[in-house]
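Here's the structure we're looking at; comments come further down.
Indexing begins at 1, ligand by ligand and atom by atom, following the structure's order. For reference, positions follow the sequence shown, starting with 1.
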Amino acid sequence: MKHIDIIDILNDSGLINSTVTVCGWVRTSRDSKNMAFIELNDGTSLKHLQIVIDKACMSDISQYMKLGTSLKVTGTLVKSAVAVDSVEINAQEITVLGECPLEYPLQKKRHTLEYLRTIPHLRVRTNTFNAVFRVRSVVSNAIHEFFQSRNFTYIHTPLITASDCEGAGEMFKVTTIGYSENYKNEEEYNADDFFGKKAALSVSGQLEGEVAAMALGKIYTFGPSFRAEKSNTPRHVAEFWHVEPEVAFAELPDIIEIAEDLIKAIINAVLEKCPEEMKFFNQFMEKGLIEKLQNVVNNDFAVMTYTEAIDHLKKADKDFQYPVEWGCDLMTEHEKYISEEVCKKPVFITDYPKEIKSFYMKQNPDGKTVAATDLLVPGVGEIIGCSEREADLDKLLEAMKVRGMSVEEYEHYIALRKFGSVPHSGFGLGLERIILYVTGMQNIRDVILYPRTVGNIY
Ligand code: 4AD
């Protein structure tokens, strides 16, 4: 179907006074005595294009006016009669591509985000979701550009796994058969299943990413991870997109630098490539958003040890629901306090107690902590989980033993420490979490096309 994208029409003043064809959906329409006006949107821009109809030249125009109707419009592109710096089409020919009856749910100008969640197949046609998904696309591209321009190789790690990675989260089992009473035990049941052993959807591509990094040096993965946690919060989904770089010859400070640079590159890309969308979010989702992001790219992130964070929390004039003691996991309320009230900017919390972190993290010389860091940002909380990996075979085996882990299941992973082991580090960034941060959206369900959460699958 020959036509021009509305974004190109809006950006190319050379098209003025020429005949153009556009396609799109009717967002709003207005009828007056002699003229009718349609705001058309084709999803390439947040801005709509005005179609002007001279009623003397066209009959039966009511079929074009219903919200949601899809149209093909040919006409002359002219400077707008009223809006400065804008253009409109004086329609010569209009074709209805698809009618839209009045039961179309998006009749009102503004619906609540909660209501829109009940119509995921249509909510993308609202300004908010149009903007969210365009930003999501630009962020994804910025991530690839960041790594590709720094000699990282993009690796696709398996989504079906036989290891539970690190106990990063509850896993979804992958099976083709149901358990039946005929099996003597779980082992026999697993042996009869598709892979001949227990399999699940991966919670992280890290362990396989480390395999690749031990040959390619610098790699990143970017794909879905699955977690069957029953955390019904505005920050958790069961299926999220996970960016996981893994870097050989890198210690914790090196990977922290990469993580900070990546976040800044993402923000710069969004500010540069999505000015309209960011203006929209700044106005409707988070006042001061653009200024906040500009401050983030122009300043260093804070770095604070876990021990210092605990000191701040203990001294805080606040009643936390979860008590604070050295050794405790930081809960959302603690993370919020540190990033929003103490640092007031993104902060890397480093050197967590080894007991609350994963087996693969490098053990610090103090014998109590590991070289791990979480990046916390105001408003969202943790967006990155990061660590230097334990490169010493004996220490790794010891950490696994303490956790009662099976050495056979991690045979390949362990072998990496035998054959030319090197210091290496990596992190995981949740795509939806960084999108929350850059858009000011409040709920993770609103930055992914079809959110999968506990008790909810459309
Ligand atoms: O901190 P996590 O669990 O770290 C890992 O999975 C490591 N293996 C990463 C690595 O070192 N390669 O998860 C990393 C990030 C979190 O900071 C968060 O942004 C995101 O993944 N994340 C989730 N996002 C949405 N919903 C969930 N249920 C998430 N769980 C983790």
Side-chain angles (χ1 to χ4, degrees), residues 136 139 143 147 152 155 157 159 161 163-172 201-213 218-248 250 252 254-256 258-259 262-263 266 329-330 332 335 339 346-350 352 356-362 370-377 379-390 410 413 424-438 441 443-448 451-454 456:
R136 188 176 166 119
V139 169
I143 289 166
F147 288 119
F152 283 69
I155 292 289
T157 49
L159 298 187
T161 176
S163 87
D164 92 339
C165 183
E166 56 197 77
E170 292 295 314
M171 304 185 85
F172 289 100
L201 292 180
S202 178
V203 295
S204 159
Q206 178 196 328
L207 302 193
E208 295 86 354
E210 284 189 53
V211 168
K218 293 154 96 177
I219 67 96
Y220 69 106
T221 71
F222 187 1
S225 282
F226 306 88
R227 300 202 180 173
E229 302 157 301
K230 297 207 163 146
S231 333
N232 209 346
T233 78
R235 308 278 174 263
H236 290 87
V237 271
E239 177 182 306
F240 68 97
W241 279 67
H242 209 173
V243 182
E244 294 184 277
E246 195 64 40
V247 190
L252 193 67
D254 306 311
I255 196 75
I256 286 183
I258 294 172
L262 172 66
I263 300 300
I266 290 173
D329 221 343
L330 296 185
T332 307
E335 295 182 341
S339 63
V347 50
F348 288 101
I349 306 290
T350 67
Y352 284 84
I356 59 169
K357 289 289 183 187
S358 301
F359 76 99
Y360 55 72
M361 295 178 174
K362 186 182 162 61
V370 283
T373 182
D374 285 351
L375 176 62
L376 315 179
V377 297
V380 180
E382 182 201 322
I383 62 168
I384 281 180
C386 173
S387 66
E388 182 172 342
R389 319 309 190 188
E390 184 52 80
Y410 293 86
Y413 187 73
H424 63 289
S425 304
F427 65 82
L429 165 70
L431 180 68
E432 290 76 18
R433 300 252 179 112
I434 182 70
I435 291 172
L436 287 176
Y437 186 57
V438 299
M441 296 292 288
N443 196 310
I444 198 162
R445 291 163 182 77
D446 299 329
V447 297
I448 187 163
R452 271 63 175 106
T453 51
V454 56
N456 191 354

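The OG1 atom of Thr157 sits 7.0 Å away from the CD atom of Glu244 when rounded to the nearest 0.5 Å. Ile143 contributes atom CD1, which lies 5.0 Å from atom CG of Leu431 (distance to the nearest 0.5 angstrom). For the atom pair Ile349 CD1 and Glu335 CD, the distance stands at 8.0 Å (nearest 0.5 Å).
Per-residue contacts place Glu244 under 4.0 angstrom from the following atoms of ligand 1 (heavy atoms of the residue considered): 7 (C), 8 (N), 9 (C), 10 (C), 12 (N). Of all atoms in ligand 1, numbered sequentially from 1 with element shown, those under 4.0 Å from a heavy atom of Phe427 are 9 (C), 10 (C), 11 (O), 12 (N). Close approach of ligand 1 to Ser204 is summarised as follows: ligand atoms under 4.0 Å from at least one heavy atom of the residue are 6 (O), 8 (N).
Judged by the shortest distance from any of its heavy atoms, Ile434 lies outside the 4.0 Å radius around the atoms of ligand 1. At a 4.0 Å cut-off, at least one heavy atom of Arg389 sits close enough to ligand 1 to count as contact. Residue contact annotation: Glu432 has no non-hydrogen atom under 4.0 Å from ligand 1. By the 4.0 Å heavy-atom criterion, Tyr360 is counted among the residues contacting ligand 1.
Note on ring orientation: taking the six-membered ring where Trp is involved, the planes of Phe222 and Trp241 are perpendicular (angle over 60°, cut-offs 30° and 60°).
Taking each of Glu246, Arg227, Glu229, Glu382 in turn, the one with a heavy atom nearest to atom 31 (C) of ligand 1 proves to be Arg227. Nearest-heavy-atom check against atom 22 (N) of ligand 1 across Phe240, Tyr220, Phe226 picks out Phe240.
At a 4.0 Å heavy-atom cut-off, ligand 1 touches His236 through backbone and side chain alike. Contacts of Ile384 with ligand 1, taken as heavy-atom pairs under 4.0 Å, involve the backbone alone. Contact annotation for Ile383 and ligand 1: only backbone heavy atoms (N, CA, C, O) come within less than 4.0 Å of the ligand.
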Go through Asp254 and Glu388 one step at a time and tell me if the side-chain contact (heavy atoms from CB on, under 4.5 Å) criterion holds. CA-CA 9 Å; Asp254 306 311; Glu388 182 172 342; over 6 Å; no
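Taking the charged nitrogens against the carboxylate oxygens, Arg235 and Glu432 have no contact shorter than 4.0 Å, which rules out a salt bridge.
In terms of polar-atom proximity, Gly430 is counted as a contact of ligand 1, with an N or O under 3.5 Å from an N or O of the ligand. Residue-to-ligand polar distances place Val237 within reach of ligand 1: an N/O pair is separated by less than 3.5 Å. Every N/O-N/O distance between Leu429 and ligand 1 stays at or above 3.5 Å.
Side chain of Ser202 to backbone of Leu159: no donor-acceptor contact under 3.5 angstrom is found.
Tyr410 has its ring centre less than 6.0 Å from the ring centre of Phe359. Remark: aromatic rings of Phe172 and Phe226 are distant, center separation not under 6.0 Å.
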